[in-house]
Amino acid sequence: MSDLAIDVKELTKTYRTPLARRKVEALRGVSFTVERGHIFGFVGPNGAGKTTTIRTLMGLIRPTTGSAKLLGHAIPSREARFKVGFLPEAPYFYDYLTVGELLDLAGRLFGLSASVRKKRAGELIARVGLERAQSQSLKKFSKGMLQRAGLAQALMNDPELVVLDEPMSGLDPIGRKEVRDLIVELRDQGKTVFFSTHILSDVEAITDRVAIIARGQLQAHGTPAELVRRTILGIDIMIRLPQEADHADLTAGAERIRRHGDELSLTLPADADVDAWLARAHAAGAKIVQIVPRHETLEDLFLREVALADAPEDGSDDAPKETRA
Amino acid sequence: MIGRIWAIALNTFREAARIRVLYGIVVLVIGVNLLGVVLGEMVTNEQARVARDVGLTGISLFGSLTAIFLGVFLLYTEVQRRTIHAIVSKPIERWEFVVGKYLGMVLVLTVLVGLFAVALIGMLLIQDLGVSSAVLKAVVLAWFEVLTVAAIAIFFSSFSTPFMSGIFALAMWGFGRVTPEIEAASRDAAPWIRTLTKITLEIVPDLHLFAVSGRTIEGEHVSIHAELVSWGYVAMASLHGLGWIVGLLALAALLFHRRDFV
Ligand SMILES: Nc1ncnc2c1ncn2[C@@H]1O[C@H](COP(=O)(O)OP(=O)(O)OP(=O)(O)O)[C@@H](O)[C@H]1O
Ligand SMILES: [Mg+2]
């Protein structure tokens with residue numbers, strides 16, 4: 001048994017619109033691996049290629065070049081799909097079904113017996129908190145409820161690997177937390193969870209590994225801690241200064257300078273002499289409100305990597321456009 | 001495999017059962033049958049003739065139009081609304097999905113043709129006209145015609161839009177019903193036209209096999225109002241239709257297999 005849940009090698013995908021003769025290079029050589037038992041966060045801005053990667057893995061689209069394996073099976077693999085659960089992006093299901101009927105249909109496609117289908121459907125409906133909506137057709141579901149129904153159908157086969165495309169989108173803060181808890185619970189049961197998002201706090205909180213994708217290329221890959229530079233980036237300072245006091249002396253060399261009435265906030269470079277600066281501030285009649293060292297967050301990393309990806313590397317700017325066919 | 005195909009077929013049936021237009025069509029067909037009765041009353045000697053002609057034309061016409069309508073939309077909307085994403089990412093083969101969709105349509109169309117036939121037979125019985133075996137044979141033939149038309153529609157919709165598929169399927173249906181006439185007409189034409197016609201007609205399903213009344217089959221003039229074709233002929237024509245259905249579905253599955261779902 002392969003110890004990799006997902007193994008992606010040099011995946012490229014070029015969408016062609018036959019009539020417009022326009023090409024979109026949605027993936028430009030994506031490689032990464034996901035170990036079994038991990039929670040893997042796939043992060044990127046809109047149009048980065050997350051959904052394209054996921055659809056390729058699930059056999060919905062064919063890669064232009066490159067290969068991938070799910071649970072050791074080369075895609076598209078029916079065998080792998082028996083053991084994988086999938087939540088599509090912004091899922092839309094047959095709206096005339098109830099959630100129970102949707103789960104039953106999913107169970108049939110996984111070849112489960114009637115009794116197993118009934119039992120699992122009941123458990124999962126409770127797990128995602130849709131008991132009270134059981135008699136409604138999906139047509140009457142809100143976006144968040146559909147997302148929950150989608151999560152339930154992805155778990156009908158008790159999968160080894162769960163692939164979720166933006167599982168937290170459309171959910172309120174409580175819903176987000178519930179999904180985070182569910183993902184952690186799945187990992188604790190020994191499953192692998194691969195999910196995409198552009199919300200970094202979701203990733204920072206629960207993932208074992210993170211990959212950042214932008215413009216169809218992987219920008220970074222590692223543990224959240226590895227990716228975030230642990231060094232101090234700067235020192236955030238807030239002081240109170242008499243209105244009439246001149247602060248030119250204090251703000252020299254500082255960044256993010258903001259003055260609201262008698263409040264002055266700024267960021268000193270990491271190597272600044274803070275003691276000397278404080279002495280000058282005192283001399284000017286300032287009162288210190290707070291001093292905080294600034295570490296990099298995934299948010300910063302994200303912005304940094306995306307900015308790098310956006311900088312044209314060569315003359316030919318063939319970046320994908322944000323248009324949907 | 002059977003379980004998966006059947007799951008898709010039943011779901012397709014449920015989906016189709018929600019299309020209001022279908023109920024309108026049923027009402028329409030019953031209305032057409034009633035009209036047949038009224039017309040028959042006006043032409044006193046021809047009561048039975050009119051009722052049968054109108055009833056059978058209704059089955060064939062409305063059945064085939066419904067088949068085209070369902071065929072071009074049911075597969076397309078799955079892709080368009082992306083409901084297919086949660087389906088083909090499960091361990092179902094794409095050909096199983098296509099066959100399941102088709103079987104679901106077969107269920108719907110069979111119910112429809114059944115209702116149409118009941119309307120026709122009811123009308124005949126009410127008027128004390130009797131139901132000949134010719135009528136039954138004609139109903140079976142019309143049923144197979146409708147199922148073949150559904151396969152034509154699903155074939156086109158496996159790679160094109162509902163509008164284009166609808167046009168193609170309608171054209172195939174129209175040509176398919178009159179191939180012998182076209183052949184006859186081209187007999188005196190220039191050789192290259194004849195060859196071209198022959199090749200064209202070769203790729204059009206032989207729907208004329210199902211529309212026998214008023215034709216000369218195996219050297220004899222057949223009519224719904226007298227002796228229609230033999231049951232042997234019905235079986236042969238049905239098998240022929242089945243051949244077309246299997247072939248068209250295989251092509252549809254092949255084309256569907258290659259598609260990207262985005
Ligand atoms: N069917 C398509 N035809 C042409 N281009 C496409 C198609 N689908 C996606 N693209 C393009 O491919 C690129 C990647 O899209 P993708 O949907 O994979 O991004 P994403 O990372 O999932 O974004 P989001 O966060 O908005 O979901 C985008 O530039 C998009 O415009
Ligand atoms: Mg996406």
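Residue numbers begin at 1 in each chain, while the letters A, B, ... track the order of the sequences.
- D95(A) and R18(B) make their closest contact through OD1-NH2, 3.8 Å (heavy atoms, listed as atom of the first residue, atom of the second, distance).
- Heavy atoms of other residues, nucleotides or ligands lying less than 6.0 angstrom from CD of E79(A) number 12 at most.
- The side-chain heavy atoms of M58(A) and H85(B), taken from C-beta on, include no pair separated by under 4.5 Å.
- Remark: the backbone N or O of A90(A) is not paired with any side-chain donor or acceptor of R82(B) at under 3.5 angstrom.
- Taking each heavy atom of R81(A) and S89(B) in turn, the nearest pair found is CD-O, 3.2 Å.
- Panel note: side chain R81(B), backbone Y92(A); no donor-acceptor pair is recorded below 3.5 Å.
- Comment: D260(B) engages K13(A) in a salt bridge, judged by a side-chain N to carboxylate O separation of less than 4.0 angstrom.
- Between R78(A) and P91(B), the shortest heavy-atom distance links the atoms NH1-O, 2.9 Å.
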I'd like to know whether I87(B) forms a side-chain contact (heavy atoms from CB on, under 4.5 Å) with Y94(A), so could you lay out the CA-CA distance, the side-chain angles of the two residues, the decisive distance to 0.1 Å, and finally the verdict. CA-CA 11 Å; I87(B) 301 294; Y94(A) 305 105; 3.4 Å; yes
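- Heavy-atom contacts from other residues, nucleotides or ligands closer than 6.0 Å to NZ of K69(A) number 12 or fewer.
- Put simply, CZ on R108(A) and CG on N11(B) are 10.0 Å apart, with the number rounded to the nearest 0.5 Å.
- Contact annotation: the side chain of R62(A) never approaches that of R259(B) to less than 4.5 Å [non-hydrogen atoms, C-beta and beyond].
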Test side-chain contact (heavy atoms from CB on, under 4.5 Å) on F261(B) and R55(A) and set out the steps. CA-CA 8 Å; F261(B) 299 127; R55(A) 285 187 185 150; over 6 Å; no
Could you go step by step and tell me if E101(A) and R14(B) meet the side-chain contact (heavy atoms from CB on, under 4.5 Å) rule? CA-CA 12 Å; E101(A) 288 163 346; R14(B) 287 190 68 162; 3.3 Å; yes
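- Side chain of R4(B) to main chain of L109(A): no donor-acceptor pair is present (N/O by atom type, distance under 3.5 Å, no hydrogens or angles).
- Neither the backbone nor the side chain of P91(A) comes within contact range of chain B, judged by heavy atoms closer than 4.5 Å.
- Residues Y15(A) and V262(B) come closest through the heavy atom pair CE2-CG1, 3.5 Å.
- Taking each heavy atom of G59(A) and R94(B) in turn, the nearest pair found is O-NH2, 2.8 Å.
- With contacts defined as side-chain heavy-atom distances shorter than 4.5 Å, the pair L60(A)/I84(B) does not qualify.
- For E78(B), the part sitting under 4.5 Å from any heavy atom of chain A is the side chain, from C-beta outward, and nothing else.
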